[in-house]
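By convention here, the first residue in the shown sequence is residue 1.
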Amino acid sequence: MRDMSSADLRKRRRQLLGGLPPFERIMRGSLVERYKRCGRPGCHCANARGHGPKHYLSVSATGQRPQMDYVPNASHAVVSEYLANFHKLREVLNEICAINTELLRRREEFD
Ligand SMILES: [Zn+2]
């Protein structure tokens, strides 16, 4: 970024805005897989790793246990997409902030 011209930085900033995923299609957390034993006598899962995989959305907050929400298979693809969108948006936010800080350092217009 340091070797990019200020004009290129502004151009990059505009390009980043153009590639944003839709802001309402985001979710924070991560998908985890769990295999559960059902406890029914004689079920094959008693001697195996359990039924599954079942998917859960795990959302961490500092100082708390992660919150786990069951994700039905029908929603799995959409939840994956929302999580990826969140990461993309966060990357873009960070990069735009870095560009603006760099422009500030150069005593350039960034507004
Ligand atoms: Zn079972």
Side-chain angles (χ1 to χ4, degrees):
M1 183 174 296
R2 292 262 168 89
D3 11 298
M4 284 173 78
S5 73
S6 298
D8 282 346
L9 287 177
R10 287 197 199 84
K11 195 171 151 198
R12 172 82 184 139
R13 197 172 58 176
R14 266 196 309 278
Q15 280 172 349
L16 286 167
L17 281 183
L20 285 181
F23 231 107
E24 74 277 18
R25 295 174 69 84
I26 57 174
M27 216 175 262
R28 198 172 67 81
S30 55
L31 279 168
V32 297
E33 288 185 354
R34 291 285 182 272
Y35 293 82
K36 300 260 175 164
R37 293 201 172 85
C38 65
R40 261 180 300 159
C43 182
H44 65 85
C45 77
N47 300 311
R49 62 178 172 182
H51 300 273
K54 295 185 189 306
H55 298 278
Y56 292 83
L57 177 68
S58 169
V59 183
S60 301
T62 37
Q64 284 167 26
R65 282 159 44 123
Q67 188 184 316
M68 301 280 266
D69 286 285
Y70 177 63
V71 177
N73 283 338
S75 303
H76 184 258
V78 173
V79 171
S80 296
E81 182 201 326
Y82 278 35
L83 293 172
N85 286 347
F86 177 82
H87 285 284
K88 176 74 183 163
L89 275 166
R90 193 167 57 180
E91 273 170 25
V92 169
L93 282 179
N94 285 339
E95 193 172 344
I96 290 177
C97 289
I99 288 171
N100 290 339
T101 303
E102 178 61 23
L103 291 173
L104 174 70
R105 280 191 197 118
R106 295 179 188 186
R107 303 292 180 264
E108 294 266 350
E109 291 278 337
F110 53 90
D111 196 15

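A distance of 12.0 Å separates CD in Glu81 from OG in Ser75, rounded to the nearest 0.5 Å. A distance of 11.5 Å separates CG of Asp8 from CE of Met1, quoted to the nearest 0.5 Å. Expressed to the nearest 0.5 Å, how far CZ of Arg12 lies from CE of Met4 amounts to 7.0 Å. Note that CG of Leu57 and CD of Gln67 are 8.5 Å apart. Values are rounded to the nearest 0.5 Å. Rounding to the nearest 0.5 Å gives a distance of 12.0 Å between CD of Glu91 and CD1 of Ile96.
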Can Arg34 and Arg49 be said to form a side chain to side chain contact (heavy atoms under 4.5 Å, CB included), step by step?
CA-CA 9 Å; Arg34 291 285 182 272; Arg49 62 178 172 182; over 6 Å; no
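Between His55 and His76, the ring planes are tilted. Angles from 30° to 60° get that label.
In summary, of the residues considered (Glu102, Glu108, Lys11), a side chain to side chain donor-acceptor pair (under 3.5 Å) with Ser6 occurs for Glu108 alone.
For CZ of Arg37, the number of neighbouring non-hydrogen atoms (other residues, nucleotides, ligands) closer than 6.0 Å is greater than 12. Atom OH of Tyr70 sits in a crowded spot, with more than 12 heavy atoms from other residues, nucleotides or ligands closer than 6.0 Å.
Closest approach of Phe23 and Leu89 over heavy atoms only: CE1-CD2, 3.8 Å.
The backbone N or O of Pro21 sits nowhere less than 3.5 Å from a side-chain atom of Asn85 that would complete a donor-acceptor pair.
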